[in-house]
Protein chains: 2
Amino acid sequence: MISPLALAIIEDQAAIRDTLHEYLCAQPEFRCVLMAESVEAFLRDLPTAAVPPQLILSDIGLPGLTGIEGIPLIQAQLPGAQVLILSVYADAERVFEALRAGAVGYLLKNTPLAQLKENLLQVAAGGSPMSPGVARFVVQAFRHQPVAPAAFPLETLLPEPLTARELEVVRGIEDGLSYQLIADRHFISLDTVRSHIRNVYRKLQVNSKAELMARQLKRQRG
Amino acid sequence: MISPLALAIIEDQAAIRDTLHEYLCAQPEFRCVLMAESVEAFLRDLPTAAVPPQLILSDIGLPGLTGIEGIPLIQAQLPGAQVLILSVYADAERVFEALRAGAVGYLLKNTPLAQLKENLLQVAAGGSPMSPGVARFVVQAFRHQPVAPAAFPLETLLPEPLTARELEVVRGIEDGLSYQLIADRHFISLDTVRSHIRNVYRKLQVNSKAELMARQLKRQRG
DNA sequence: CGAAAAACAACATATTCATGTCATACCGCC
DNA sequence: GGCGGTATGACATGAATATGTTGTTTTTCG
């Protein structure tokens, strides 16, 4: 840690705000540069801050603008800042709104202070901490969305069956990777990839990456 | 904790598998009911398990089916089971695929064992643990999304329209032809084909034949 | 008409790919 | 124990591809 992280807190309840301030600013990792009881107050006082905040811990339920509505406004002023939401609301809709607005994480107010500190550090390190139930909402939003069919057109109708390793290499090609990237993906050498490709080409009777992929394309529609 | 959580592990590297087994099964919270080195082996040995696993910790890079491809198959056999991914891959595309397939969380292999244990318990408690960088990908996928994350258009980012000639050239590529053959097909010079390809690559944001074809493959199934 | 877009083309250079040849190691199996 | 198959890897060479720069001609459209 070269220098402490410039932290700002937006929270309307004085008791909670003070608790957060006392605890977090006692930590050597942070430096509290701004405390506000609303988004409006935050934006108003921003020019007075000694250092522009890098991390902003914000409530949602605030007088005036909500914390969610504030995110784009804050980011317009502080392009590099990251907003972490700290809210009592645990409903999926509000979580999605916050993330769409640009929040980098979403914690519930029952989060222990020690953990809150850890989570703020995670944000600074490029993480996106979310309270357990919140994360589950987010993950579930992905579910049963366009999934590549788990059926394998390749395994069927093959003149000569490919080995597991060969299939992995073929998948790399289908993903549009170069030999080097395929090698990295499977922790084998470039020459080994070449070796497998060679055998695949013989088995499938093709002579280039393009022919191999054209084969797959045809198989998909035909 | 009334009874230990029934845990299964799918990991091809014996050393890692053994480490996970030794550590996790020494914990009173867990009971390892199945260890497998591939999805296929897992499904094969599933009937022999004394208790059906509730939690499944799975690698992605496996011989044969990948861990991602395995999720729907596993859930078909174990409707109540939750699959947590433990992978070396930290790319956004793979994370999204895993979550779409039904994974409840995504951890990187550099996760300390103690934390891994905590994360497994979180899963059982309805959480969705993700390694910091992974969570950030997921959160960013929500950003500036108008409404529900109904469709995740990572490539639906409207491509600049291709001209008629450019489309003809792209079709040639999809047919697996070399530049020279495409040139012959349309009675234009090799350099002209290059010229068109260059523009197509810029418009579609790709840098190789393989990426272009991978895009088409994805478009067809996705 | 005149500007913009598209099509066509050449030249150069760097990277990636296809292919040949060869070698080592492990595994299952008769 | 040897044999075939799979996985791994090195080295080398010519072909194909990617990319930059720079043109001319044709078509499209305000």
Side-chain angles (χ1 to χ4, degrees), chain A residues 154-155 158-217, chain B residues 11-15 17 37-38 40-41 44 59 61-66 158-217:
Chain A
L154 191 58
E155 263 107 357
L158 277 185
E160 233 181 302
L162 300 186
T163 68
R165 210 43 157 173
E166 286 165 353
L167 273 173
E168 288 175 345
V169 172
V170 168
R171 278 192 211 110
I173 301 237
E174 288 173 25
D175 289 342
L177 305 179
S178 69
Y179 289 180
Q180 186 58 63
L181 286 176
I182 295 172
D184 294 346
R185 182 193 268 196
H186 298 296
F187 308 108
I188 58 181
S189 90
L190 180 59
D191 277 313
T192 300
V193 175
R194 284 197 242 265
S195 208
H196 288 307
I197 292 280
R198 210 196 313 267
N199 292 326
V200 169
Y201 283 7
R202 179 182 44 74
K203 288 183 181 178
L204 301 190
Q205 306 271 292
V206 296
N207 300 287
S208 74
K209 241 187 192 190
E211 278 182 57
L212 176 61
M213 299 183 80
R215 198 192 151 88
Q216 293 305 94
L217 269 172
Chain B
E11 163 65 56
D12 59 331
Q13 292 178 67
R17 192 171 62 239
E37 78 282 350
S38 71
E40 290 87 337
R44 166 170 44 80
D59 190 15
L62 297 167
L65 291 173
T66 68
L158 47 135
E160 220 175 311
L162 301 186
T163 68
R165 212 40 158 176
E166 286 166 352
L167 274 175
E168 287 178 342
V169 171
V170 168
R171 274 190 219 109
I173 294 202
E174 287 174 28
D175 290 342
L177 305 180
S178 69
Y179 290 179
Q180 185 59 64
L181 286 176
I182 294 172
D184 294 347
R185 183 195 267 195
H186 298 295
F187 308 107
I188 57 181
S189 89
L190 179 58
D191 276 314
T192 299
V193 174
R194 284 196 239 265
S195 203
H196 289 309
I197 294 279
R198 204 195 319 267
N199 291 328
V200 169
Y201 282 8
R202 177 181 47 73
K203 288 184 181 178
L204 300 189
Q205 305 268 293
V206 297
N207 301 288
S208 73
K209 236 188 197 190
E211 276 182 58
L212 176 61
M213 299 183 80
R215 200 190 147 86
Q216 299 304 100
L217 267 173

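Numbers restart at 1 for each chain; the letters A, B, ... are given by sequence-line order, proteins then strands.
Taking A/Arg194 as the reference, A/Asp191 meet the salt bridge (charged side-chain N to carboxylate O under 4.0 Å, His left out) condition, with sequence neighbours excluded.
In this structure, NE2 of B/His196 is placed 13 Å from C1' of C/dA5, rounded to the nearest angstrom. Summarising the geometry, the separation between CG on A/Leu181 and P on C/dT16 is reported as 9 Å, rounded to the nearest angstrom. Atom-to-atom, CG of B/Asp184 to C1' of C/dC8 comes out at 16 Å; the value is rounded to the nearest Å. Between the CD1 atom of A/Ile173 and the P atom of C/dT16 there is a distance of 14 Å, given to the nearest Å. D/dA16 atom C1' lies 12 Å from atom NZ of A/Lys209, rounded to whole Å. Here the C1' atom of nucleotide C/dA6 and the CZ atom of B/Arg202 are 12 Å apart, to the nearest Å. As rounded to whole Å, 14 Å separates atom C1' of C/dT19 from atom CD of A/Glu211. Between the CG atom of A/Leu162 and the C1' atom of D/dA7 there is a distance of 15 Å, given to the nearest Å.
Here the options are B/Leu217, B/Leu204, B/Ile197, the test is side chain to side chain contact (heavy atoms under 4.5 Å, CB included), and the partner is B/Leu212; only B/Leu204 passes. Shown are B/Ile173, B/Val169, B/Leu177; of these, the side chain to side chain contact (heavy atoms under 4.5 Å, CB included) with B/Val193 is made only by B/Val169.
Distances from the side chain of B/Tyr201 to the nucleotides D/dT6, D/dT19, C/dT19 place D/dT19 closest.
A donor-acceptor pair under 3.5 Å links the side-chain atoms of B/Glu40 to the main chain of B/Leu65, judged by distance alone.
Here the closest non-hydrogen pair linking B/Thr66 and B/Leu62 is C-CD1, 4.4 Å. Nearest heavy-atom pair across B/Ser208 and A/Gly176 is OG-O, 4.4 Å.
Remark: B/Thr163 is in phosphate contact with C/dA7, judged by side-chain N or O atoms under 4.0 Å from OP1 or OP2.
Residue B/Glu166 is the one, among B/Glu166 and A/Ala210, whose nearest nucleotide of DNA chain C lies closer to the 5' end (criterion: closest heavy atom).
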Below 3.5 Å is the cut-off: list the nitrogen or oxygen pairs between protein and nucleotides 9-12 of chain D, distance only.
residue	atom	partner	partner atom	Å
D/dG9	OP2	A/Ser189	N	2.7
D/dG9	OP2	A/Thr192	OG1	2.9
D/dG9	O5'	A/Thr192	OG1	3.3
D/dC11	N4	A/Asp191	OD1	3.2

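Between A/Glu168 and A/Arg171 there is no salt bridge, since no side-chain nitrogen of the basic residue lies less than 4.0 Å from a carboxylate oxygen of the acidic one.
B/Asn199 comes within 4.0 angstrom of nothing in the nucleic acid, heavy atoms only.
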